[in-house]
Structure formats: C-alpha cells, structure tokens
Amino acid sequence: MSTGPWVRVAHCLFPKSGNTPDECEDNLRILPSNQNEIPGSCVVRVVVSHGATESAFSGIWSKYLTYRIAKAALKDDPKVIIDAATEMSPRWLGAVRQRPLPWYAEQKILEGAFATVVVLEVSGGAGATSGTWKACAIGDSCMFRIGGDTSFEMLPNMKPEDFGSRPFLIPTKISGIQDIGGHFQFSSGKWNAGDRFIVATDALSQMLAKQQSNPEYLRKAADAIATRSRDELESWFQNCRDSRFMRNDDIAAVVVML
Amino acid sequence: MYSAEISRNNPTCFLFLVDQSGSMSDPFGNGESNRRKADALADAINRLLQNLVIRCSKSELKPRDYFHVGVVAYGNTVGNGFSGPLAGSDLPPISAVAESPARLEERTKKVEDNAGGLVDQTIRFPIWFDPVANGGTPMCQALDRAKAILSNWLAERPSSFPPVVINLTDGEATDGDPLGTASALTSLASSDGNVLLFNCHLSSTRGSEVQFPSDDSNLPDQFAKLLFQMSSVLPPHIQNAAKQEGFAVSDGGRGFFFNADAVSVIRFLDIGTRPGNLR
C-alpha cells in the first residue's frame, strides 16, 4: 500500500499570446477546490472548458459551465451537463445584459455563446493504488490517459488534423442545448499507480495529439505541467507557439497524477 | 501561405470597391422585381461591414481591431466611400467603423427568450451606405486607387495576412479594360501571399447564383466572364476553409460571386474558433 497521497493534481491557465489574462476564454475547475483536501477525498472531479473565440462573451459562458458542471457527479449520459447548461443559460444572458450595450454587442449576444467541455472524474481514496475513472467530452478540449505501462487513451479520439476551427459546442440558446445530446463522447476504465491524466483545451490538446505514438513525451509533458514553475511553463509554451508546434490560443490544463 | 495569424498585433485589411454608376439603377436580376442593383449593393456592403464588426466583437465594449476596412466608391467620381469621421482615413480600424455608421435603423426581430420560446425584440441595424447610381463606371481608376492604398498598407505591414479586395459591381467598366489593372493590383504581396481580388457581380441578367466557380461556362454574359477572369484563384488554405463553411469549391475555384450573397465571401477568414453549430 502506498504511503504517499493517492492522487496529486496540478493546473495551469495561460491567455493567448498577445492577449491579457482577463481576455482568456478558457476555464477550469477542480473539486475538491482546496488542494489540501484532495489527498483525503475519494473522488477528484476536473472540468475544463474553452469559450469559442468568435462567439459573444464566451469566457463568461465557459466559466459558468465549469462551475456548475463540477458540482454534480458525472453520469453515463449527457443529461447532467445538459441540465447544467439549461440552468446557466439565463444567468449568462442576465450577466451580459447588465449594462447598456452598443449595437454590435446587442447583435453579438443574439448569436449566443458557445463552449467546449471535458469532464474527468477519478475515484480512489487514501492509500489506494488503483481505482476507476470516467470522462465525458464535447468539442475539441480533450482528456489524455497515459498509463505507467505506456498505454494511452484520448477522449475524444482525434488526429491533429481533426482540430479544425468548427467544433460542435455547448450553446447558450435553450433550443440549441436540447440538440447537443448526440455530440457527447464518454469513456471509463481503471487506473493504476503511475498513471497520468491530462485534461486540456484545444491548442494544447492538438499539440499533444501530434505525439499520440510517443507516450513517453506525453508523460514528460504531464510531469512538466505538474512540476515546472509558471515562468518555465510560459516559456515552453511560447517556444511551441513560435515554432508553430502549437497554435497560438488560450491554454487551460489539469494534470492528475496517480 | 495565407496562414499568417490575424490578430490585433498583426491585423489584415479589407478594401471594398463599390460601383455607384448610373447603370446600377437597373433592376437586379436575382428575381426580386422591385429591387435595383444599387439597392442590392448598398444592402450587401452594409451587411458586409456589419458582419466584420460583429466578428470582431468580444466581451469588451469595443471590437478588436483584427481588421482595417476601406471603401473606394466609383461612379461620378472615384474616392473614399466613407463619410463623416471615417472619411479621413483610407483604411480605418474596424472599431472606428463600428462607432461611425451614418445612422442606426430600428427593426424588429424574433429572438429566443430564456424559456426557448420566441419574442419580438427591437434591434438596431447600422447603415453606412445608401443606394447611389450616378455617372460612369471608372473601374480601372478604382482598381488603381486600391493599388495605391494597399501599397502603403503593405509597406507598413509586410507580414500581414494578404489584403482582400472585394469589388461589388455590375461589371460594365467605362474607362478601359480592367483586366490589366486588376492584375497589377493582385501582383502586390505580403510575405504571406499576394493580394486577393474577389468580385461580386450584381447583374440585371437573370441566372442561377454562382459561388466560387472553377470556369466561366455557367456564366451568362461577357461582363460576368470578365469579372471571373479578374478574380483570384482561391489558395488551398482558403479553399479548405471555404469547404468547412459548406461551400462546394473545387481546385481552381475563384473568388467570384454572381448574384449571390456577398457576405459569404468573408465568412471563412479564420480569426479563431467558430462553433460548427453557430447558425
């Protein structure tokens, strides 16, 4: 039986290069939210979301979704997430209409906002060396599982060229929310000590997808996100952007180390 | 090529050439019996500008200056098509265009309420241009002016996504053969590729809508065929983006529209994630 914590969780959040931090449209939520409570918990839940750049006030929508979705246990059907989106839609509308708006903002709001979501739930407990996990995703934010035995899994399972700029996302419009049920993907399995999970938004996910056949790179990426300083991570990501290995976009990532 | 990031630090530009000649008072050939070509053109340019502003609008109260936008109007004269505060610049930033429509018209539109039903809501629509039909069609002069404007732009921003020129016209140039001057315009280039020239032909001739054709076999008259020849072949990157938007584009497809929705021309320029279910 392990004497260390059964799970460690780390995260990072960076705006697109050239944007300010408050312009970042990616969001993440980890429960328990207090890092000190994580080793003593039996379930860790991670929600990562990316607000679509071309939609209105999408960062606010992404934030509302992550907070609300993280409150409920993940099930094997999309109803939990659809109910969360339905509940948060009028709140989003109320938040963006709090002040008089210019004509273009009024029209932009009519289109609504859109966001991706990926949810990961890992179950274990103090002293556990194995357990179960389940995940759900819509859009092109992704979950990666890298096994200690170099096994690999990705949800949604996407090739780098699949990351276009037109993914199917969770809308704020109530009529649209009812239509998204068929676009969710689910997966589940067992974890063992030594496994890593990375949950990330699209730019980083696409970069990691390029290394699908190289689990060792993915493990190192997970370890880097978990252990490097913010400045070191920022420098690494900027190098990746400058060399065009990664698209210039917001980055939200959570690493779960077992 | 044609892959430079479009951002506030590295904006690109659109330059619209707007035909305001006397022949634009003739009926528009797309079946709307009471509509003149000038009316269709004014509607197209207003919707194009509106679309560009909205695409650049985010959570802040000012649109992000991903684009600079200019208008060259040609008819009785050739000059800056904007009026008011916008008239002082050949390529003002999109935020300035957003703040300076000539007027805002109120219209009623059905929108979703919080419960998934529909309610009437008053929406403000910007108008920058009213229909004008007066004088000859000095298209060559307009293309020359465009070349001068974009030469200055490219001198200041040599690595920008290549400028896009969109010529909205009924195609009957009266100051010479525009093919040569169009070729001179598209010979300008940034490090990311040549200037693109798209032509939106608003014709009195009845005919099926045409978008991104690869040849001129389905085009009804000499003016359409000439504008097709003047239009840039879509680079592969943009061809792929247009296909993602649902357009049927084949290799050799050109940036040419015949009696079709001009706003489609700009839908596929990539400034970030667009939801597949955005309608």
Side-chain angles (χ1 to χ4, degrees), chain A residues 16-19 22-23 25 50-60 86 89-91 93-94 96 99-116 139-140 164-180 183 202-203 241 244 247-249, chain B residues 3 5-10 49-64 66 94-95 97-99 101 103-106 109-118 121-127 240-241 243-246 267-279:
Chain A
K16 177 177 178 176
S17 179
N19 284 7
D22 61 355
E23 291 175 335
E25 290 163 333
H50 163 69
T53 306
E54 284 212 38
S55 66
F57 300 90
S58 57
I60 298 174
T86 305
S89 171
R91 289 206 197 176
L93 196 58
V96 301
R99 50 189 168 174
L101 296 170
W103 68 265
Y104 42 85
E106 285 177 355
Q107 291 202 27
K108 190 79 179 188
I109 287 170
L110 291 180
E111 293 178 355
F114 295 77
T116 70
D140 56 2
S165 53
R166 301 295 310 275
F168 211 89
L169 308 178
I170 301 179
T172 51
K173 286 188 178 179
I174 298 291
S175 59
I177 292 171
Q178 305 310 315
D179 291 339
I180 60 174
H183 294 271
D202 56 327
R241 287 166 174 156
R244 298 218 166 187
R247 273 186 299 114
N248 182 19
D249 204 346
Chain B
S3 60
E5 184 187 62
I6 300 173
S7 67
R8 285 168 289 183
N9 290 337
N10 197 34
L49 293 174
Q50 177 190 19
N51 190 278
L52 287 173
V53 169
I54 290 174
R55 285 189 71 191
C56 294
S57 298
K58 301 293 298 163
S59 304
E60 315 85 51
L61 289 183
K62 185 180 159 187
R64 294 185 183 178
Y66 296 130
I94 193 71
S95 58
V97 176
E99 297 300 329
R103 66 184 184 276
L104 290 170
E105 291 184 351
E106 290 194 346
K109 188 172 178 176
K110 293 226 179 280
V111 300
E112 263 193 36
D113 60 20
N114 288 353
L118 293 175
Q121 184 171 327
T122 301
I123 307 294
R124 292 177 292 164
F125 276 87
I127 303 293
N240 289 336
K243 285 177 184 171
Q244 278 200 332
E245 286 291 318
R267 270 171 51 192
F268 48 77
L269 281 185
D270 184 11
I271 56 172
T273 302
R274 257 185 115 214
N277 47 333
L278 174 61
R279 297 284 179 268

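Letters go in sequence order (proteins before strands), and every chain restarts at 1. Because the structure is a prediction, the values reported are computed rather than measured.
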For A:Glu106 and B:Gln121, does a side-chain donor sit closer than 3.5 Å to a side-chain acceptor?
no

For a 4.5 angstrom cut-off between non-hydrogen side-chain atoms, does B:Arg64 reach A:Glu23?
yes

Of the backbone (N, CA, C, O) and the side chain (C-beta and beyond), which part of A:Asn19 lies under 4.5 Å from a heavy atom of chain B, both, or neither?
both

Contact part of A:Leu101 toward chain B, heavy-atom cut-off under 4.5 Å: side chain, backbone, both or neither?
both

Heavy-atom proximity to chain B below 4.5 Å, by part of A:Gln178
neither

Could you pull out the closest heavy-atom pair between B:Ile54 and A:Tyr104, with the gap in Å?
CG1-O, 4.3 Å

Note, A:Gln107 side chain near B:Pro126 side chain (heavy atom, < 4.5 Å):
yes

Any non-hydrogen side-chain atom of B:Ser3 less than 4.5 Å from a side-chain atom of A:Arg244?
yes

Which portion of A:Arg241 sits near chain B, non-hydrogen atoms under 4.5 angstrom:
neither

Are more than 12 heavy atoms, taken from residues, nucleotides or ligands other than B:Arg124, located less than 6.0 Å from that residue's CZ atom?
yes

Verdict with reasoning, A:Trp103 to B:Ile123, per side chain to side chain contact (heavy atoms under 4.5 Å, CB included)
CA-CA 8 Å; A:Trp103 68 265; B:Ile123 307 294; over 6 Å; no

A side-chain contact here means heavy atoms from C-beta on lying under 4.5 Å apart; do A:Ser58 and B:Lys58 qualify?
yes

